[in-house]
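Accompanying notes for the structure given below.
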Amino acid sequence: MSDNVGLSTPRGSGTSGYVQRNLAHQRPRDMGAPYPRDVDSLRHRQRQPDKGLLEHDRKREVEVKVFELRDKLEDEGVDEDEIETRCDALRKKLLAESDKKQSAGGAGSARNLKMHQVHELADAKIKESERLRQALKISRDYEEGSHWRKQEDRLKKALERDVVAGPAGA
């Protein structure tokens, strides 16, 4: 046999005897059903942003601006104590502005965000969904598909009334 393939020799077989694996073969999966079948896992849940990361990014933006001011003042040759007081004043001012902006609604639009800013995008999407929910006057406890369940319940009650009223009326 030539390389344990099943041919004793490649002569006369019309092949070179070179053996390669079948890349089109798909191995069976370990699990029969790869997706969960319970209803709760199938429901859509919005990605929740990490508040710690959002706060860190907000503070980082402030510190970048403070560092730029510090670098500029050091290049101008300003005294170290004066640099510290100016930087502290700028830091307090920027933190107050960002707190005001965050309490007023924060980054409401995802247009200015990059794709790698996942938590910021998720936060903007939640705020957008909330605005849309309020604009369409949808209640907070609304459950998707509940309209169809209510309609089915009404039909069942109507059928039950007809069944109960049918023999009595005859």
Side-chain angles (χ1 to χ4, degrees), residues 23-76 78-163:
L23 297 175
H25 176 70
Q26 293 181 343
R27 295 184 194 106
R29 292 184 173 210
D30 293 339
M31 303 176 288
Y35 303 106
R37 295 190 184 262
D38 58 331
V39 178
D40 289 336
S41 64
L42 296 176
R43 290 182 58 207
H44 172 71
R45 283 186 294 257
Q46 264 186 331
R47 170 180 281 172
Q48 296 298 315
D50 186 355
K51 299 294 183 190
L53 286 175
L54 291 174
E55 183 68 17
H56 173 78
D57 287 343
R58 185 178 68 86
K59 288 180 180 177
R60 187 176 187 277
E61 287 177 16
V62 169
E63 289 301 320
V64 165
K65 291 177 182 173
V66 169
F67 184 76
E68 288 172 354
L69 175 68
R70 175 180 293 277
D71 192 38
K72 183 180 129 193
L73 292 175
E74 286 176 353
D75 287 345
E76 293 174 358
V78 178
D79 185 39
E80 188 66 31
D81 293 334
E82 180 66 24
I83 291 174
E84 284 297 323
T85 56
R86 286 189 188 178
C87 287
D88 287 340
L90 179 66
R91 183 179 290 116
K92 287 177 185 174
K93 177 185 156 206
L94 291 174
L95 283 173
E97 286 176 4
S98 68
D99 284 341
K100 238 186 247 180
K101 188 187 294 183
Q102 189 177 20
S103 65
S109 175
R111 292 181 185 167
N112 302 332
L113 299 173
K114 306 284 190 269
M115 287 304 295
H116 63 85
Q117 294 175 310
V118 179
H119 295 277
E120 290 86 349
L121 285 169
D123 190 41
K125 183 66 178 177
I126 287 172
K127 289 177 182 171
E128 178 186 355
S129 296
E130 183 64 23
R131 278 196 320 271
L132 183 64
R133 187 189 64 74
Q134 288 176 350
L136 297 176
K137 298 178 182 169
I138 299 172
S139 65
R140 285 187 184 272
D141 60 343
Y142 175 77
E143 195 173 314
E144 190 173 335
S146 61
H147 169 75
W148 301 112
R149 261 186 261 118
K150 288 178 185 176
Q151 188 174 359
E152 288 173 1
D153 290 343
R154 278 189 235 125
L155 284 172
K156 285 179 185 176
K157 287 180 184 177
L159 286 173
E160 288 174 3
R161 276 189 237 126
D162 289 345
V163 169

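Since the structure is predicted, the reported quantities are computational estimates derived from the model, not experimental observations. All heavy atoms count here, side chains included; hydrogens, waters and symmetry mates do not.
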Notebook entry, point to check: How far does CD of Glu120 sit from CG of Asp50, to the nearest 0.5 angstrom?
Noted result: 10.5 Å
Next item on the list: To the nearest 0.5 angstrom, please state how far the CG atom of Asp57 sits from the CG atom of Asp123.
Entry: 11.0 Å
Checklist line | Trace of the side chain to side chain contact (heavy atoms under 4.5 Å, CB included) decision for Glu82 with Leu73 | finding: CA-CA 9 Å; Glu82 180 66 24; Leu73 292 175; over 6 Å; no
Notebook entry, point to check: At what distance, to the nearest 0.5 angstrom, does CD1 of Ile83 lie from CG of Leu69?
Noted result: 8.5 Å
Note to self: Could you go through Lys125 and Glu128, starting from their C-alpha distance and side-chain angles, then the distance that decides it, and tell me whether this counts as side chain to side chain contact (heavy atoms under 4.5 Å, CB included)?
What the structure shows: CA-CA 5 Å; Lys125 183 66 178 177; Glu128 178 186 355; 4.0 Å; yes
For residues 149-157, please give each side-chain donor-acceptor pair under 3.5 Å, one per line with the distance, not counting sequence neighbours.
{"from": "Arg149", "atom 1": "NH2", "to": "Glu143", "atom 2": "OE2", "distance (Å)": "3.3"}

Next item on the list: Report the residues that fulfil salt bridge (charged side-chain N to carboxylate O under 4.0 Å, His left out) with Glu130, sequence neighbours left out, ordered by chain and then residue number.
Entry: Arg133, Arg140
Next item on the list: Report the residue from Glu76, Glu68, Arg70 that forms a side-chain contact (heavy atoms from CB on, under 4.5 Å) with Lys72.
Entry: Glu76
Check: Between Lys59 and Leu95, which heavy-atom pair has the shortest distance, and what is it?
Finding: CG-CD2, 4.5 Å
Margin query: Side chains of His119 and Lys51, heavy atoms from C-beta outward: is any pair under 4.5 Å?
Written below: no
Item checked: Distance, nearest 0.5 Å, that separates SG of Cys87 from CG of Asp71 -> 10.0 Å
Notebook entry, point to check: Just how far is it from atom CD of Glu63 to atom CG of Leu94, taken to the nearest 0.5 Å?
Noted result: 9.5 Å
Notebook entry, point to check: Tell me, do Leu54 and Arg58 make a side-chain contact under 4.5 Å, heavy atoms counted?
Noted result: no
Next item on the list: Would you mind reporting whether Glu61 and Lys65 have side-chain heavy atoms less than 4.5 Å apart?
Entry: no
Next item on the list: Enter the distance from Glu74:CD to Asp79:CG here, rounded to the nearest 0.5 Å.
Entry: 11.5 Å
Margin query: Do the side chains of Glu97 and Lys101 get close enough for a salt bridge, i.e. N-O under 4.0 angstrom?
Written below: no
